[in-house]
Amino acid sequence: MDRRGETEAFAELVYALIREIPKGRVTSYGAIARALGRPSSSRLVGRILGRGSHASPPVPAHRVVNSAGVLSGREAFSGAQTMQTLLEEEGIVVRNNKIANFNRVFWDPLHEL
DNA sequence: GGCGTGACTATGG
DNA sequence: ACCATAGCCACGC
């Protein structure tokens with residue numbers, strides 16, 4: 001299996017895990033990487049989502065933010081529905097591109113899955 | 001193979 | 001809370 005295949009396989013695991021995030025909860029790139037056994041690949045997680053993650057069923061990528069609770073990927077959500085809008089529709093409070101109640105809505109797959 | 005870049009993270013001042 | 005540094009890993013030039 002070449003590097004390309006490994007990355008694609010990892011991407012599928014990332015999508016699968018993100019689909020498990022409960023509505024109204026969020027997690028971080030690092031938490032996902034750690035849950036999949038690759039603690040040092042947090043940047044790769046973000047990269048995977050950035051490359052137009054067209055998977056089916058669709059992946060709720062808006063529920064993934066960085067470790068500080070900042071919507072670092074909002075630029076990728078071009079359209080009527082912004083990342084912030086999607087989160088607010090689930091009851092998450094966003095202020096200045098940052099999740100206000102981050103500690104309460106954070107979902108750690110290692111501890112809650 | 002080098003070098004810059006980025007939806008990252010942890011740590012220290 | 002803000003900024004700088006240093007690891008990190010895959011990608012594109």
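All values derive from a computational prediction rather than experimental measurement. Convention: sequence-line order gives letters A, B, ...; per-chain numbering from 1.
Within 4.0 Å of A:A33, counting heavy atoms only, lies no atom of the nucleic acid at all. Across all strands shown, A:F10 has no heavy atoms under 4.0 Å from either base or sugar-phosphate atoms. Residue A:R63 is classed as having no contact, given no heavy-atom separation below 4.0 Å to the nucleic acid. Heavy atoms of A:G50 sit under 4.0 angstrom from at least one base atom.
At B:dT9, one or more side-chain N or O atoms of A:S28 fall inside 4.0 Å of OP1 or OP2 (strictly under the cut-off). Applying the 4.0 Å criterion to OP1 and OP2 of B:dC8, one finds that A:S72 has a side-chain N or O inside that range.
When the nucleotides C:dA10, B:dC8, B:dA7 are ranked by their closest atom to the side chain of A:R43, B:dC8 comes out on top. For A:S40, taking side-chain heavy atoms from C-beta onward, the closest of the listed nucleotides C:dC8, B:dA7, B:dC8 is C:dC8. In the set B:dA10, B:dA7, B:dC8, B:dA7 carries the atom at the smallest distance from any side-chain atom of A:M83. Here B:dC8 is the nucleotide among B:dC8, C:dC9, B:dA10 with the atom lying nearest to any side-chain atom of A:N66.
Contact of A:R47 with B:dG6 (side chain to base): no donor-acceptor pair of N or O atoms is detected under 3.5 Å.
The CZ-C1' distance, from A:R38 to C:dA10, rounds to 9 Å in whole Å. Counting to the nearest Å, the P atom of C:dC8 and the CD1 atom of A:I32 are 21 Å from each other. Atoms CG (A:N96) and C1' (C:dA1) sit 13 Å apart, rounded to a whole Å. Rounded to whole Å, the distance from CG on A:D108 to P on B:dT9 is 12 Å. Going from atom CD1 of A:I48 over to atom C1' of B:dA7 covers 11 Å, rounded to whole Å. Going from atom CD1 of A:I99 over to atom P of B:dA7 covers 17 Å, rounded to whole Å. Going from atom CG of A:L44 over to atom C1' of C:dA10 covers 6 Å, rounded to whole Å. Atom CD in A:E8 sits roughly 13 Å away from atom C1' in C:dA10 (whole-Å rounding).
In this model, a donor atom of one side chain and an acceptor atom of the other lie less than 3.5 Å apart for A:E90 and A:H62.
Nearer the 5' end of DNA chain C, as judged by each residue's closest nucleotide, is the contact made by A:K98, out of A:S42 and A:K98.
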Run the numbers on A:W107 and A:V26 for side-chain contact (heavy atoms from CB on, under 4.5 Å), then give the verdict.
CA-CA 6 Å; A:W107 179 80; A:V26 300; over 6 Å; no
Could you go through A:R25 and A:E112, starting from their C-alpha distance and side-chain angles, then the distance that decides it, and tell me whether this counts as salt bridge (Lys or Arg N to Asp or Glu O under 4.0 Å)?
CA-CA 12 Å; A:R25 306 289 297 283; A:E112 305 195 48; 3.1 Å; yes
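Here A:L13 contributes atom CG and A:F10 contributes atom CZ; the two are 7.5 Å apart, rounded to the nearest 0.5 Å.
Distance noted for atom P between C:dG7 and B:dA7: 22 Å (whole Å).
Side chain of A:R19 to main chain of A:P57: a donor-acceptor pair is present (N/O by atom type, distance under 3.5 Å, no hydrogens or angles). Between the side chain of A:S41 and the main chain of A:L44, no donor-acceptor pair closer than 3.5 Å is present.
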